[in-house]
K.L.:
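Before I ask anything, here is the structure I am working with.
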Amino acid sequence: MKIINLIENTEGAGGCIYAHGLSFYVETEKHKLLLDLGPSGETLENARTLGLDLSVVDTVILSHGHYDHSGGIIPFTKVNDKALIYMQESAVGDYFADDGVDAPERFRYIGIDKNIAALPQVRFLKDDTVIDDELEVFVIKNRSHELPFTNKRLLVRAGDGYKRDDFVHEHFLVIHQEGQSILMSGCAHNGILSILDAYKEKFGGAPDLVVSGFHLMKKTDYSDSELEEIKAIAAELKVYPTKFVTCHCTGTAAFDVMKSIMGDSLEYVHSGEEVKCLCG
């Protein structure tokens, strides 16, 4: 099995573009798939730099309905119009970020390009879905923990106003391979601890490997309470018999705090790099 980051926020493999967004290329025994497609066609440029042929991809999983994970979908369909694209029905909703009263435009659209919804290869999902004996996705039905503090400014349009996004449009990919289980998430907006609890309820136990952003990044300094929340998440993750690989929306500052607690059980994958810590 192979997992390669195609784009994320930090500089990694030589020649690869890095940008705010996320995409992974995954090879399993039966599939060549993509989890998300980053913010733009730059994702495809990185694939070419890495020598990856995206025309042979058969499956795309869109983790949730934000532009920085979906911006490369339309460019991708120009080189591959056969791969099935799976997303939750609600991923086409009107999602916004509140950039504050001093921003030139306070409420900024961060949803997907609406043209994606009209693509014939899109398959809309409503809940947990088994794709085949290797791949399935699941959603959060009941969160066991509070949403991460960084979600407070993320909204969905409701009538003439806005309300806080509850992230029903987010789902999580599970790959079953050679007796092992790999859990992949885009941003873990629902909270990585709630996601792991939902995984345990559905599958029993813990995954062997988790690859996910943790959505803990801020552009300003963390408050004491926010740092304590990051430390508490890391302490709970450390208990799991699982290898964690993170990137993108975790942010390097939060990663450093978590790494100091989690040690070798947590790694960061940069733009263009391969995940080297697969189990087995």
K.L.:
Please check if Val26 and Val245 belong to a single hydrophobic cluster, counting links between Ile, Leu, Val, Met, Phe, Trp and Tyr side chain heavy atoms closer than 4.5 Å.
P.N.:
yes

K.L.:
Working to the nearest 0.5 Å, report the span between CE of Met1 and CD of Glu134.
P.N.:
8.0 Å

K.L.:
Using modelled atom types only, decide if a donor and an acceptor are shared between the side chain of Glu8 and the backbone of Thr10 within a distance under 3.5 Å.
P.N.:
yes

K.L.:
Got a second to check how far Thr250's OG1 is from Asp256's CG, nearest 0.5 Å?
P.N.:
11.5 Å

K.L.:
Say whether Leu227 and Ile192 are linked into one hydrophobic cluster, either directly or through other cluster members, by side-chain heavy-atom distances under 4.5 angstrom.
P.N.:
yes

K.L.:
Side chains of Ser63 and Leu35, heavy atoms from C-beta outward: is any pair under 4.5 Å?
P.N.:
yes

K.L.:
Taking NZ, NE, NH1 and NH2 as the nitrogens, is one of them in Asp99 or Arg153 under 4.0 Å from a carboxylate oxygen of the other?
P.N.:
yes

K.L.:
Among Asn151, Leu147, Thr150, whose side-chain contact (heavy atoms from CB on, under 4.5 Å) with His189 holds?
P.N.:
Asn151

K.L.:
Is there a side-chain contact between Phe24 and Val269 in this structure, where contact means two heavy atoms from C-beta onward sitting under 4.5 Å apart?
P.N.:
yes

K.L.:
With clusters defined by side-chain heavy atoms of hydrophobic residues (ILVMFWY) lying less than 4.5 Å apart, directly or transitively, does Val156 cluster with Phe107?
P.N.:
no

K.L.:
My understanding is that only residues two or more places apart in sequence, or in another chain, count here; which of them pass side chain to side chain donor-acceptor pair (under 3.5 Å) with Asp98?
P.N.:
Arg106

K.L.:
With sequence neighbours excluded, tell me which residues meet salt bridge (charged side-chain N to carboxylate O under 4.0 Å, His left out) with Lys152.
P.N.:
none

K.L.:
Indicate if Leu154 and Tyr95 have the same hydrophobic cluster label, given that clusters are the connected sets of ILVMFWY residues with side-chain heavy-atom separations under 4.5 angstrom.
P.N.:
yes

K.L.:
When clusters are formed by joining ILVMFWY residues with side-chain heavy atoms under 4.5 Å apart, either directly or through shared neighbours, do Ile131 and Leu33 land in the same one?
P.N.:
yes

K.L.:
Which pairs with one or both residues in residues 225-239 pass salt bridge (charged side-chain N to carboxylate O under 4.0 Å, His left out), sequence neighbours excluded?
P.N.:
Lys218-Glu226, Glu228-Lys231

K.L.:
For Lys30, is there an ion pair with Asp133 - N to carboxylate O distance below 4.0 angstrom?
P.N.:
yes

K.L.:
Do the non-hydrogen side-chain atoms of Asp208 and Ile182 ever get within less than 4.5 Å of each other?
P.N.:
no

K.L.:
Check whether Asn9 reaches the backbone of His20 with its side chain - one donor and one acceptor, N or O, closer than 3.5 Å.
P.N.:
no

K.L.:
Over all heavy atoms of both residues, which pair between His169 and Asp165 is shortest? Give the atoms and the distance, please.
P.N.:
NE2-OD2, 2.9 Å

K.L.:
My understanding is that a hydrophobic cluster links ILVMFWY residues whose side chain heavy atoms are under 4.5 Å apart, including indirect links. Using that, what else belongs to the cluster containing Val239?
P.N.:
none

K.L.:
Sequence neighbours left out, what passes side chain to side chain donor-acceptor pair (under 3.5 Å) with His69? Give chain and number order.
P.N.:
Asp36, His248

K.L.:
State, yes or no, whether a side-chain contact exists between Leu266 and Ile261 at a heavy-atom distance under 4.5 Å.
P.N.:
no

K.L.:
In chain order, what residues pass the side chain to side chain donor-acceptor pair (under 3.5 Å) check against Thr252, with sequence neighbours excluded?
P.N.:
none

K.L.:
Could you list all the salt bridge (charged side-chain N to carboxylate O under 4.0 Å, His left out) pairs where at least one residue sits in residues 189-201, not counting sequence neighbours?
P.N.:
none

K.L.:
Look at the side chain of Asn80 and the backbone N and O of Ser55, then say whether any donor-acceptor pair between them is shorter than 3.5 Å.
P.N.:
yes

K.L.:
What's the separation between atom OG1 in Thr129 and atom CZ in Phe138, rounded to the nearest 0.5 Å?
P.N.:
12.5 Å

K.L.:
Running the 4.5 Å side-chain criterion over Ile, Leu, Val, Met, Phe, Trp and Tyr, what cluster does Met87 land in, apart from itself?
P.N.:
Ile4, Leu6, Tyr25, Leu34, Leu37, Leu44, Leu50, Leu52, Leu54, Val57, Val60, Leu62, Ile73, Ile74, Phe76, Val79, Ile85, Val92, Ile112, Ile116, Leu119, Val122, Phe124

K.L.:
Under a 3.5 Å distance rule, please check whether Ser70 uses its side chain to pair with a backbone N or O of Asp68 as donor and acceptor.
P.N.:
no

K.L.:
Applying side chain to side chain donor-acceptor pair (under 3.5 Å), can you list everything that pairs with Tyr199, at least two apart in sequence or on another chain?
P.N.:
Ser181

K.L.:
Between Asp128 and Val139 (side chain of the first, backbone of the second, donor and acceptor by atom type, cut-off under 3.5 Å), is there such a pair?
P.N.:
yes

K.L.:
Taking C-beta and beyond as the side chain, do His176 and Phe203 meet within less than 4.5 Å on heavy atoms?
P.N.:
yes

K.L.:
For Arg143, does its backbone N or O pair with a side-chain atom of Asn190 as donor and acceptor, under 3.5 Å?
P.N.:
no

K.L.:
Which residues pass the ring pair (Phe, Tyr, Trp, His ring centres under 6.0 Å) test with Phe149, sequence neighbours left out?
P.N.:
none

K.L.:
Does a side-chain heavy-atom distance below 4.5 Å link Leu237 with Met258?
P.N.:
yes

K.L.:
With rounding to the nearest 0.5 angstrom, report the CZ to CG distance, Phe172 to Leu183.
P.N.:
8.0 Å

K.L.:
Work out which heavy atom in Pro241 is nearest to a heavy atom in Ala206; give both atom names and the distance.
P.N.:
CD-CB, 4.1 Å

K.L.:
Any side-chain heavy-atom pair from Pro207 and Leu196 closer than 4.5 angstrom?
P.N.:
yes

K.L.:
Is the backbone of Val275 close enough, under 3.5 Å, to the side chain of Lys2 for a donor and an acceptor to pair up by distance?
P.N.:
no

K.L.:
To the closest 0.5 Å, what do you measure between NZ (Lys202) and CD1 (Ile140)?
P.N.:
11.5 Å

K.L.:
Has the side chain of Gln177 got a donor or acceptor atom that lies under 3.5 Å from a matching backbone atom of Glu29?
P.N.:
yes

K.L.:
Partners of His31 by ring pair (Phe, Tyr, Trp, His ring centres under 6.0 Å), sequence neighbours excluded?
P.N.:
none

K.L.:
Who passes salt bridge (charged side-chain N to carboxylate O under 4.0 Å, His left out) against Arg123, sequence neighbours left out?
P.N.:
none

K.L.:
CG/Asn5 to CG/Leu22 distance, rounded to the nearest 0.5 angstrom?
P.N.:
6.0 Å

K.L.:
May I ask you to decide if Phe214's main-chain N or O and Ser212's side chain share a donor-acceptor pair within less than 3.5 Å?
P.N.:
no

K.L.:
Indicate yes or no for a side-chain donor-acceptor contact from Tyr67 to the backbone of Tyr109 under 3.5 Å, with no hydrogens or angles considered.
P.N.:
no

